[in-house]
Structure formats: structure tokens, C-alpha cells
Protein chains: 2
Amino acid sequence: MAHALSLHHRLSHADAPTDSDRTERAIAQSEAVCRSKGARLTPIRRRVLEALHGVDGPLGAYDLVDLLGSQGRRMAPITIYRALDFLIEQELVHRLASRNAYIASSGTVAGARTTAFLICDGCGDVNEIASPDVAETVLKVLRDQGYQPRTKVLEITGRCARCQDVH
Amino acid sequence: MAHALSLHHRLSHADAPTDSDRTERAIAQSEAVCRSKGARLTPIRRRVLEALHGVDGPLGAYDLVDLLGSQGRRMAPITIYRALDFLIEQELVHRLASRNAYIASSGTVAGARTTAFLICDGCGDVNEIASPDVAETVLKVLRDQGYQPRTKVLEITGRCARCQDVH
DNA sequence: TTATTTATGTAGTGTTATAACCTATATGAA
DNA sequence: TTCATATAGGTTATAACACTACATAAATAA
Ligand SMILES: [Zn+2]
Ligand SMILES: [Zn+2]
Ligand SMILES: [Zn+2]
Ligand SMILES: [Zn+2]
């Protein structure tokens with residue numbers, strides 16, 4: 001039942017790691033960002049970020065424990081969570097609350113004021129987009145309500161084009 | 001530290017239960033909705049829905065376990081989750097993924113195509129709004145991307161007017 | 001250097017959600 | 001009514017996700 005697979009399960013079925021050149025570029029850029037802010041992209045944090053860039057989709061915290069543990073000494077969950085906290089703080093990673101999962105910020109929308117994640121209920125694919133229109137209307141609503149936005153990230157669930165027919 | 005209050009804690013400090021007449025009306029309306037759809041609003045489901053309508057804000061699943069357990073026989077978590085699944089299915093309740101919490105759909109926006117929840121990082125207040133503009137732009141993006149929306153609910157975190165100064 | 005801060009290691013626990021299996025109740029057809 | 005089927009709930013156990021508390025190590029500042 002493909003639609004009920006846990007992150008854990010899906011990981012083992014995941015697409016092959018995307019182009020490692022792209023990952024390297026993303027890491028290099030992240031290092032620059034951290035240096036400019038005086039933040040320390042330590043080896044652990046870097047490995048977590050690399051892992052997230054190295055897969056096509058979100059990973060759960062325990063997926064990262066397993067993934068990084070398989071290529072060296074196993075880290076405790078709290079170690080992963082601490083690295084994730086840092087990366088989220090630096091806006092290099094997003095937490096997908098609706099999936100209890102974490103995803104590397106795509107370089108293409110970095111700097112965008114508001115990003116939205118389209119999350120497919122079917123295959124779990126996550127599509128990060130920067131829509132100025134959505135950003136604007138959301139900000140307008142927030143202003144009307146007197147809200148000062150902190151998270152400008154929207155998670156929208158639905159079914160991607162490929163998964164429309166199923167169920 | 002007001003900003004780290006658990007749902008549990010906030011529950012005990014919560015505003016007095018809102019007007020029980022309002023709750024009763026909401027339940028009556030929910031019953032009608034279920035009847036018309038051939039869905040069964042059983043006593044357990046009804047009690048969960050009443051509890052959610054009876055408080056001002058979201059409740060965690062285990063808050064519901066405690067709350068309903070205190071007024072009768074304690075139910076197992078799975079029982080609460082099953083009731084919540086039903087109520088969410090009927091769109092009588094929303095799950096706030098970013099808070100791991102559940103909130104009764106407000107009657108005022110019932111029937112709206114897209115609702116947005118403004119969740120305050122400070123006080124935890126949740127404001128359910130129906131913004132046609134946001135709904136429209138979100139749907140446009142979804143259409144452009146070939147997504148068929150299922151959840152038309154957006155969770156936007158920020159800081160409400162009262163909590164702007166803090167931190 | 002020493003003091004201070006920041007990062008990580010380690011153990012245990014807390015919190016949220018579901019699996020598996022069984023029983024009871026409701027509903028519909030014969 | 002009786003039987004078949006579907007739906008709801010009971011019970012136990014466990015999976016999955018996240019953090020507290022405290023010790024140690026490494027980096028940075030004084
Ligand atoms: Zn499958
Ligand atoms: Zn899909
Ligand atoms: Zn208090
Ligand atoms: Zn607030």
C-alpha cells in the first residue's frame with residue numbers, strides 16, 4: 001500500500017540521490033551564508049544538511065539517524081535534532097509540520113519572502129515554490145488581522161498531477 | 001515562561017468554556033450534517049466534538065483523553081484518535097499539524113472553500129479565517145502545478161497583535 | 001593563559017500516534 | 001426474525017517523534 005508508507009519505509013524506496021554536484025554547490029553556498037553570519041556549520045550540521053540535499057524529498061529525524069549512522073558512528077536522536085534546530089534557524093532547512101519531516105531549502109527559492117510547499121498525499125513528493133501572489137495575499141491577511149508573520153511558509157496538501165487518478 | 005506553555009498547561013488556564021449554548025448549537029448543526037451524509041455521530045464522537053467546541057483553542061489528543069476521562073471512564077488514546085479521524089473526515093474538526101492539536105471548525109467559516117489558521121507563536125491563540133483572496137491565489141498555484149487540492153487549510157504562524165512586543 | 005561560550009556525548013524520559021486483535025453494536029437482506 | 005456484513009469500540013502493546021538534564025569537549029574571547 002504505497003500510500004501508507006512511513007518515511008522510514010519510503011526512504012528505502014526513494015529515488016537515487018540527486019546529482020551530487022548540486023549538493024556540493026548547495027553546501028558551499030550554505031557555508032558562505034553561515035560564515036557571513038558568524039554561524040558555525042560544524043561537521044555534524046554539515047553532514048545533516050548534505051543528507052537532506054542528497055535525497056529527493058523530506059526525511060524524518062530518525063531517517064537521518066539511520067542514514068548518517070550507516071556511514072559512521074551512530075548519532076543519538078538529540079544530536080540530529082540539535083543539528084536540525086541550527087539549520088532551521090539559519091533557514092537552510094524547513095520543517096514540514098504536517099509530515100514530521102525536514103527538507104533542505106531549495107536554492108532556487110532562497111531569498112524568496114514566502115515559500116509554499118505543495119505536499120502530495122499520494123506519493124509524498126514535496127514541491128517548494130515561491131509564489132509572489134500567494135505571499136502578497138497572505139501578508140495582506142496577516143496585516144489586516146494585526147499578525148506579525150514569523151513563519152512565511154505554507155504547507156498545502158493535495159494530490160500531484162501523477163497521483164490524481166489513484167483512489 | 002508563557003511562551004512555552006504546553007497544551008496541557010494552557011488547558012487548565014483556559015478561558016472559561018465558551019457559551020454552552022453556542023456549543024449546543026454547533027453540535028446540533030453537526031448532527032444534522034452527519035445525518036444528511038449518513039455518517040454516525042456516536043456518543044464518543046459527540047463527546048470529543050463537544051469538548052473541542054467547549055474550549056477556546058486547540059486541544060491535543062491526550063488533553064482530550066484527560067478531559068473526557070475526568071468526566072467518566074477513561075478512554076484509550078486510540079479511541080480518541082479514531083473519533084478525531086471521523087470528525088476530521090466530516091470536516092467538523094481540523095488538525096493543526098504545526099501544533100499536534102485539534103480544533104473544532106468554527107461555524108462561521110463552515111462551507112468556506114479554503115480556511116486559514118493564524119496561529120500565534122506567543123500565546124497559542126488560533127484564529128480561523130476564510131479569505132477568498134488567499135483561497136483564490138492558492139488554488140491558482142495549485143492549478144498551475146497540476147495539483148488537485150485536498151486540504152484547503154493553511155496554517156500560518158506568526159505573532160498576534162497582543163504578542164508583538166514580547167521577545 | 002584562563003574564563004566563557006558553544007557544541008556534542010550520554011542516558012533517560014516525555015509526547016504523539018498507530019498496529020493488531022478481539023468484541024459489541026448497528027444495519028440491511030433473506 | 002435470523003443471519004450476514006459492516007462499522008464502531010475495547011484492550012494491549014508498540015511505533016514514531018521529540019526533548020530534559022547533565023557531563024564533557026571544543027572553540028572563542030578576555
Ligand atoms: Zn504500496
Ligand atoms: Zn503524488
Ligand atoms: Zn500557568
Ligand atoms: Zn498571541
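Below, read A as the first sequence line, B as the second, and so on, with proteins coming before strands; counting in each chain starts at 1. A quick note: this is a predicted structure, and the numbers were derived from the prediction, not measured.
- Between the CZ atom of B:F86 and the P atom of C:dA17 there is a distance of 20 Å, given to the nearest Å.
- Annotation: of the two residues near DNA chain D, B:T42 and A:Y102, the 5′-most nearest-nucleotide partner is B:T42.
- Contact between the side-chain N/O atoms of B:R46 and the OP1/OP2 oxygens of D:dA8 is not found at any separation under 4.0 Å.
- Contact annotation: A:N100 side-chain N/O to C:dT16 OP1/OP2 distance is not under 4.0 Å.
- Looking at heavy atoms from C-beta onward, A:V65 lies out of side-chain contact with A:T79 at the 4.5 angstrom threshold.
- In this structure the side chain of B:R99 never reaches within 4.5 angstrom of the side chain of B:P58, judged on heavy atoms.
- Atoms CZ (A:R99) and C1' (D:dA16) sit 15 Å apart, rounded to a whole Å.
- Distance NZ/A:K140 to OG1/B:T137: 11.5 Å, rounded to 0.5 Å.
- The side chain of A:R40 lies closest to C:dA7, out of C:dA7, D:dA8, D:dA18.
- Applying the side-chain contact (heavy atoms from CB on, under 4.5 Å) criterion to B:A32, with sequence neighbours excluded, gives B:R35.
- In this structure, B:R47 atom CZ and D:dG9 atom P are separated by 11 Å, rounded to whole Å.
- In this structure, B:I80 places its CD1 atom 14 Å from C1' of D:dA8, rounding to the nearest Å.
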Which protein N or O atoms sit under 3.5 Å from an N or O of nucleotides 10-14 of chain C?
| from | atom 1 | to | atom 2 | distance (Å) |
| --- | --- | --- | --- | --- |
| C:dT10 | OP2 | A:R73 | NH2 | 2.2 |

Pairs under 3.5 angstrom only: tabulate donor-acceptor contacts from the side chains of residues 82-90 of chain A to other protein residues two or more places apart or in another chain.
| from | atom 1 | to | atom 2 | distance (Å) |
| --- | --- | --- | --- | --- |
| A:Q90 | OE1 | A:K37 | NZ | 3.1 |

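- Between A:C34 and A:L92 there is a side-chain heavy-atom pair separated by less than 4.5 Å.
- Separating the NZ atom of A:K37 from the P atom of C:dT6 is a distance of 16 Å, rounded to the nearest angstrom.
- Remark: C1' of D:dT7 and CD of B:E89 are 14 Å apart, rounded to the nearest angstrom.
- For B:Y81, taking side-chain heavy atoms from C-beta onward, the closest of the listed nucleotides D:dA18, D:dG10, C:dA17 is C:dA17.
- The interatomic distance linking A:R35 (CZ) with D:dT28 (P) rounds to 13 Å, in whole Å.
- Contact check for A:L49 versus A:S30: side-chain heavy atoms found under the 4.5 Å cut-off.
- To the nearest angstrom, P of C:dT16 lies 13 Å from CG of B:L96.
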